[in-house]
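Counting starts at 1 for both ligands and their atoms, in listed order.
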Amino acid sequence: MASPPDMSKTTTGKLERYNSYIRRLNHTKFLSASSKLLFRLTLLAALILIFFFTLNYPPLSDNSHHVLHHHNFLSSTFYGGGAAWEKKVRHSSTPRRPNGFSVLVTGAGGFVGSHCALALKKRGDGVLGLDNFNSYYDPSLKRARQALLAQHQIFIVEADLNDAHLLTKLFDVVPFTHILHLAAQAGVRYAMKNPQSYVNSNIAGFINLLEIAKATNPQPSIVWASSSSVYGLNTQNPFSESHGTDQPASLYAATKKAGEEIAHTYNHIYGLSITGLRFFTVYGPWGRPDMAYFFFTKDILQGKPITIYQTADDKEVARDFTYIDDIVRGCIGALDTAEKSTGSGGKKKAPAQLRIYNLGNTSPVSVGKLVSIIENLLNVKAKKHVIKMPRNGDVPYTHANVSLAYKDFGYKPTTDLASGLRKFVKWYIGYYGIESKVKKENDSSDD
Ligand SMILES: O=C(O)[C@H]1O[C@H](OP(=O)(O)OP(=O)(O)OC[C@H]2O[C@@H](n3ccc(=O)[nH]c3=O)[C@H](O)[C@@H]2O)[C@H](O)[C@@H](O)[C@H]1O
C-alpha cells in the first residue's frame with residue numbers, strides 16, 4: 001500500500017512559498033514607496049533650486065535695473081532689507097541743516113571717501129556710505145576708517161557697486177540729492193597685474209550706478225573721481241582740461257578716461273548732471289598704503305631699501321602731490337555748484353550740466369625731493385635704489401592748471417608738500433603706534 005503523502009511537508013512547503021510571495025510583495029511595495037519618496041524629494045529640491053535661481057538672477061528681459069547684476073542670495077538684499085537696517089540707512093542719510101544734501105558716498109571706506117564723508121557730515125549734510133571693503137590694500141585700515149565714520153553717525157553699507165538690487169533698494173529708501181562717487185579700483189601699476197578689477201569697478205560698476213541714478217525720480221546730481229592719469233602722454237604743461245586725453249599710458253588711466261566718456265553719454269541721453277574731478281596724486285593722513293609716499297615711509301622706518309624711478313633720459317620723475325584737505329574742499333565745491341539733473345524716471349527733460357575739473361596742487365615736486373622730506377621728518381636716511389622707470393603705466397610728470405575749478409567754485413590748494421607730509425607722518429606714527437625719536441620731533445614741532 002502506498003504510503004499516504006506527507007501532509008506536514010506539503011503544508012510547510014506551501015507556507016514557505018506563501019511567505020516568500022508576501023516578502024517579495026512587501027519588498028516591491030517598499031521599493032515603489034522609496035522611489036516615490038525619492039521622486040518627491042528630487043522634485044522638491046528642483047523647485048527650491050528654481051526658486052532661488054529666479055530670485056537671484058536677472059530675467060532675460062530688457063530690464064535696465066538688472067542687466068549688469070550678478071546677485072547672490074547671501075548678499076546685501078537679504079541682510080540689508082530689515083526695518084533696523086532701513087532705520088540706520090535713513091538716520092545716516094538725513095541732513096541736519098536747512099536745505100542740506102543727502103549724499104551717497106561710494107568708496108566711503110577709502111581714503112578720499114572717508115575724508116569727504118566726514119566733512120559733509122560735519123557741516124550738516126546727510127551721508128550714507130557704500131564700500132565693498134575689498135582687499136586691494138589692507139582692509140583693516142578701511143575698517144578703522146569705518147569705525148571713525150561710525151563715531152560720527154555715518155553708516156557704511158557693505159556692498160559692491162555692481163549690486164543693482166542693493167542700490168535700487170537704497171534709492172527706494174532714500175531720495176539722495178547727490179552721489180559722490182569715489183569707489184574705484186585705484187593704482188596705476190596694479191593694472192598690469194589685475195586688469196579685470198579695473199573693468200569691474202571703474203567701468204561696469206560706474207555704469208551700474210548711473211543706470212540706477214538715471215531711473216530714479218528725482219535723479220541725483222553726480223560728482224565723481226576721474227584722475228590726472230587721463231593726460232597720459234600729453235606733453236603740454238601744465239595740464240589743462242582743454243588738452244587732449246586720448247593717449248592713456250595705463251589701463252587705469254584708460255578706464256578713468258572711459259568713465260569720462262560714459263558720463264558724457266548718460267548726461268546726453270538721460271539728463272544726469274555729472275561732474276568729473278581729475279585728482280592729482282592725493283596724499284595725507286589715513287592715506288592709501290599702495291601709494292609711494294606711504295610705503296616709502298614704512299620701508300624707510302623698517303630700514304628697507306626703496307626704489308626711485310627716473311625717466312629714460314635720466315631726468316627726475318615728478319608729481320603734483322595734492323593734500324587731502326584741498327581735495328575735500330574741491331569735492332565739496334563741486335557738490336555745492338552742481339546743478340540739478342533734468343531727467344526723471346529715465347527720461348531727459350532738458351540739457352543738463354556736464355563738467356570736468358583738475359584738482360591738483362599746481363606745484364610739482366620730484367620723487368627724490370619727496371623722499372628727502374620724508375627722511376627729514378622721520379630722522380632716518382633712506383636706502384635709495386635709483387632705476388629707470390620700468391614700462392609700468394607711470395608717466396614722467398604731472399602738473400595741474402586749476403584755474404577752471406578756481407573760477408567755478410573757488411578751488412585754491414593751500415598745503416605744500418612738506419606741511420602735508422608732516423601731518424601724514426604724525427598720523428602714521430600715531431596710527432601704527434611707532435614710538436621713536438620721530439614722535440618726539442613731530443610732537444614738538446607740529447600744530
Ligand atoms: O593722480 C592720479 O590720478 C593717480 O595718483 C596716484 O598715482 P601716482 O601718481 O602714480 O602715485 P604713486 O603710486 O604714489 O607714485 C608717485 C610717484 O612715485 C613714483 N614711484 C612709485 C613707486 C616706486 O616704487 N618708486 C617710484 O619712484 C611714481 O613713478 C610716481 O612718480 C594714485 O596712486 C592713482 O590711483 C591715481 O589717483
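Atom 24 (O) of ligand 1 has its closest protein heavy atom at T307 O, 3.4 Å. For atom 33 (O) of ligand 1, the closest heavy atom belonging to the protein is R288 NH2, 2.9 Å. Looking only at heavy atoms of the protein, atom 26 (C) of ligand 1 is closest to Y309 CD1, 3.3 Å. Nearest protein heavy-atom neighbour of atom 7 (O) of ligand 1: V188 CG2, 3.9 Å. Annotation: atom 2 (C) of ligand 1 to nearest protein heavy atom, S228 OG, 3.2 Å. Of the protein's non-hydrogen atoms, the one nearest atom 15 (O) of ligand 1 is A292 CB, 3.8 Å. Looking only at heavy atoms of the protein, atom 3 (O) of ligand 1 is closest to S227 OG, 2.3 Å. Scanning the protein heavy atoms around atom 8 (P) of ligand 1, the nearest turns out to be R319 NE, 3.8 Å.
In this structure, I222 and L210 have side chains that are in contact, with non-hydrogen atoms separated by less than 4.5 Å. Using a 4.5 Å cut-off on side-chain heavy atoms (C-beta onward), C116 and L182 make contact. Considering only heavy atoms from C-beta on, L417 comes within 4.5 Å of I373 through its side chain.
Taking the six-membered ring where tryptophan is involved, the planes of Y231 and F280 are tilted, since the angle between them lies from 30° to 60°. Under the 30°/60° scheme for interplanar angles, the aromatic rings of Y428 and F294 are found to stand perpendicular. The aromatic rings of W427 and W286 lie tilted to each other, with the angle between the two planes from 30° to 60°. Relative ring orientation between F111 and H115 is described as perpendicular, the plane-to-plane angle rising above 60° on a 0-90° scale split at 30° and 60°.
A salt bridge is defined here as a Lys NZ or Arg NE, NH1 or NH2 lying under 4.0 Å from an Asp or Glu carboxylate O, and D163 with K169 fails to meet this definition. In summary, R278 and E260 engage in a salt bridge, as defined by a charged side-chain N under 4.0 Å from a carboxylate O.
At under 3.5 Å, not a single nitrogen or oxygen of Y293, backbone or side chain, sits near a nitrogen or oxygen of ligand 1. Between F279 and ligand 1, a contact under 3.5 Å exists for at least one N or O pair. In terms of polar-atom proximity, F296 is not counted as a contact of ligand 1, lacking any N or O under 3.5 Å from an N or O of the ligand.
A side-chain donor from one of D326 and T414 sits under 3.5 Å from a side-chain acceptor of the other. Side chain to side chain, Y136 and D290 meet the donor-acceptor criterion of an N or O pair below 3.5 Å.
Relative to the six-membered ring of F296, K384 misses at least one condition, a distance below 6.0 Å or an angle of at most 45° to the axis.
When each atom of ligand 1 is checked for a heavy atom of F295 under 4.0 Å away, the hits are 22 (C), 24 (O). Listed by number with element, the atoms of ligand 1 under 4.0 Å from a non-hydrogen atom of A186 are 35 (O). Per-residue contacts place I308 under 4.0 angstrom from the following atoms of ligand 1 (heavy atoms of the residue considered): 27 (O). Heavy-atom contacts of S229 reach the following atoms of ligand 1: 3 (O) (cutoff under 4.0 Å). The atoms of ligand 1 that sit less than 4.0 Å from any heavy atom of G187 are 35 (O). Listed by number with element, the atoms of ligand 1 under 4.0 angstrom from any heavy atom of V367 are 17 (C), 18 (O), 19 (C), 27 (O), 31 (O). Those atoms of ligand 1 that come under 4.0 Å of a heavy atom in F280, given as number and element, are 1 (O).
Close placement of the F424 and Y293 rings is indicated, their centers lying within 6.0 Å of each other.
Ligand 1 has at least one atom lying under 4.0 Å from a heavy atom of R189. By the 4.0 Å heavy-atom criterion, Y252 is counted among the residues contacting ligand 1. Judged by the shortest distance from any of its heavy atoms, R278 lies outside the 4.0 Å radius around the atoms of ligand 1. No heavy atom of Y397 sits closer than 4.0 Å to any atom of ligand 1.
Residues L128 and F155 approach most closely at CD1-O, 3.5 Å, considering heavy atoms.
Using a 4.0 Å cut-off between heavy atoms, M291 contacts ligand 1 through both its backbone and its side chain.
Taking all heavy atoms of T281, D394, V371, V395 into account, the minimum distance to atom 28 (C) of ligand 1 is reached by D394.
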